[in-house]
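Values below: every heavy atom of this structure, side chains too, minus hydrogens, waters and symmetry copies.
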There are 2 protein chains.
Amino acid sequence: MGATKHFMYTDSCNEIANIAKVFAHPARVAILKYISEQEGCICNDLVEDIGLSQATISQHLSVIGDAGLLQGRFVGKRKCYCLNSDRFKEFQILMNVFFIKTTSNCC
Amino acid sequence: MGATKHFMYTDSCNEIANIAKVFAHPARVAILKYISEQEGCICNDLVEDIGLSQATISQHLSVIGDAGLLQGRFVGKRKCYCLNSDRFKEFQILMNVFFIKTTSNCC
DNA sequence: TCGTAATATCGCAATATTACGATGATAAGT
DNA sequence: ACTTATCATCGTAATATTGCGATATTACGA
């Protein structure tokens, strides 16, 4: 009891839920915003900018990364993160398809 | 420890996270899909269609409702649910604004 | 080589979410 | 009045998420 029963849902529903989970924490939204606004790369500036511990930021980054939304590459001892914009667009399209399909109204 | 520190983030980040949370569970995505596909109203058909208990479905409905996404009205002993499409559009716009703003690429 | 900076990971505590049975409330039909 | 149907809520167990300190790991510069 207590665990989401993924097998009960269509792939489409599970996929949208997984995408949404990335955005479902304000720290991750803030990270994505920061990365995109800097245009260039970033590293541990996020720790200073956002104010969470380094361990926590790193954890959020890996959640975002697991969803395929980040590209990261080491430049010396620093790691440069940026958006995987192709994947980002896939996300956008999936969400929009869902939004467009849902337009009922009866009450 | 362990609780999301909402005060650390901008209103915008918190708002997007709150919206995303509605979609971050496949049952809620399935519910929204079902309601919109039926075009008309529904009630406890969701319990049969999705296969979760009535208590659980009701709980998910209230999460969706708290976000302002549902309109419900009792017709006798049955409750008719449908989408609040204005609010739904607001959601869509907020997500899209976020998506559009994030277009960096450096790696 | 040694110390330091940057990042990732482990382990744990605190909190949140998910799911369900039981119970309550309301309305319809008998 | 009694039963049944429909939905909400309460209480609770199971599980997941969040956050951080401590500890690796790797790369750089002195």
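- Between A/H60 and D/dT17 there is no side-chain polar atom (N or O) within less than 4.0 angstrom of OP1 or OP2.
- Closest-nucleotide positions on DNA chain D for A/K77 and A/G51 were compared, and the one nearer the 5' end corresponds to A/G51.
- The closest side-chain heavy-atom distance from B/F88 to B/L32 is below 4.5 Å.
- A straight line from CD of A/E48 to P of C/dA5 spans 13 Å, rounded to a whole angstrom.
- If you find the closest nucleotide of DNA chain C to A/S62 and to A/G2, the one lying nearer the 5' end belongs to A/S62.
- In the set D/dG19, D/dC7, C/dC20, the nucleotide with an atom closest to the side chain of B/F74 is D/dC7.
- Protein atom NZ of A/K21 is 10 Å distant from nucleotide atom C1' of C/dT18, rounded to whole Å.
- The phosphate of C/dA16 has neither OP1 nor OP2 within less than 4.0 Å of any side-chain N or O from A/H25.
- Remark: B/Y81 is not in phosphate contact with D/dT6, judged by side-chain N or O atoms under 4.0 Å from OP1 or OP2.
- Within the 3.5 Å criterion, the main-chain N or O of B/I64 finds no donor-acceptor partner in the side chain of B/R28.
- In terms of position on DNA chain C, the residue among A/M8 and B/G76 whose nearest nucleotide sits closer to the 5' end is A/M8.
- The aromatic rings of A/H25 and B/Y9 lie perpendicular to each other, with more than 60° between the two planes, well past the 30° mark.
- Pair assignment for C/dG11 gives D/dC20, based on Watson-Crick or G-U wobble hydrogen-bonding distances that are each under 3.5 Å.
- Across the protein-nucleic acid pair, A/R78 atom CZ and D/dG29 atom P stand 11 Å apart, rounded to whole Å.
- Going from atom CD of A/Q59 over to atom C1' of C/dA8 covers 11 Å, rounded to whole Å.
- Across the protein-nucleic acid pair, B/R73 atom CZ and C/dT26 atom C1' stand 17 Å apart, rounded to whole Å.
- As judged by a 4.0 angstrom heavy-atom cut-off over every strand, A/I57 is placed among residues making no nucleic acid contact.
- Between A/H6 atom NE2 and D/dA16 atom P there is a gap of 8 Å when expressed in whole angstrom units.
- One finds no side-chain N or O of B/N44 lying less than 4.0 angstrom from the OP1 or OP2 phosphate oxygen of D/dT6.
- With distances taken from any side-chain atom of A/A55 to the nucleotides C/dT9, C/dT7, C/dT18, the minimum falls on C/dT9.
- More than 12 heavy atoms of other residues, nucleotides or ligands lie within 6.0 Å of CZ in A/R87, so this atom counts as buried by the packing criterion.
- The base of C/dA8 lies close enough to the side chain of A/Q54 for a donor and an acceptor atom to sit less than 3.5 Å apart.
- Whole-Å rounding puts the A/L61 CG to C/dA6 C1' distance at 13 Å.
- When every heavy atom of A/P26 is checked against every heavy atom of B/H6, the shortest pair comes out as CG-ND1, 4.1 Å.
- Contacts of A/S58 with the nucleic acid, taken as non-hydrogen atoms under 4.0 Å apart, include base atoms.
- In this entry D/dC28 has C/dG3 as its Watson-Crick or G-U wobble partner, both defining distances falling under 3.5 Å.
- Contact annotation: B/T56 does not reach the phosphate of C/dA19 (side-chain N/O to OP1 or OP2, under 4.0 Å).
- Checking the phosphate oxygens (OP1, OP2) of C/dC20, a side-chain nitrogen or oxygen of A/K5 falls inside 4.0 Å.
- At whole-Å resolution of the value, CG in B/L46 and P in C/dA19 are 14 Å apart.
- The hydrophobic clustering, which links ILVMFWY residues whose side-chain heavy atoms are closer than 4.5 Å, places A/F91 and A/Y34 together.
- Nucleotide C/dG29 forms a Watson-Crick or G-U wobble pair with D/dC2, both donor-acceptor distances falling under 3.5 Å.
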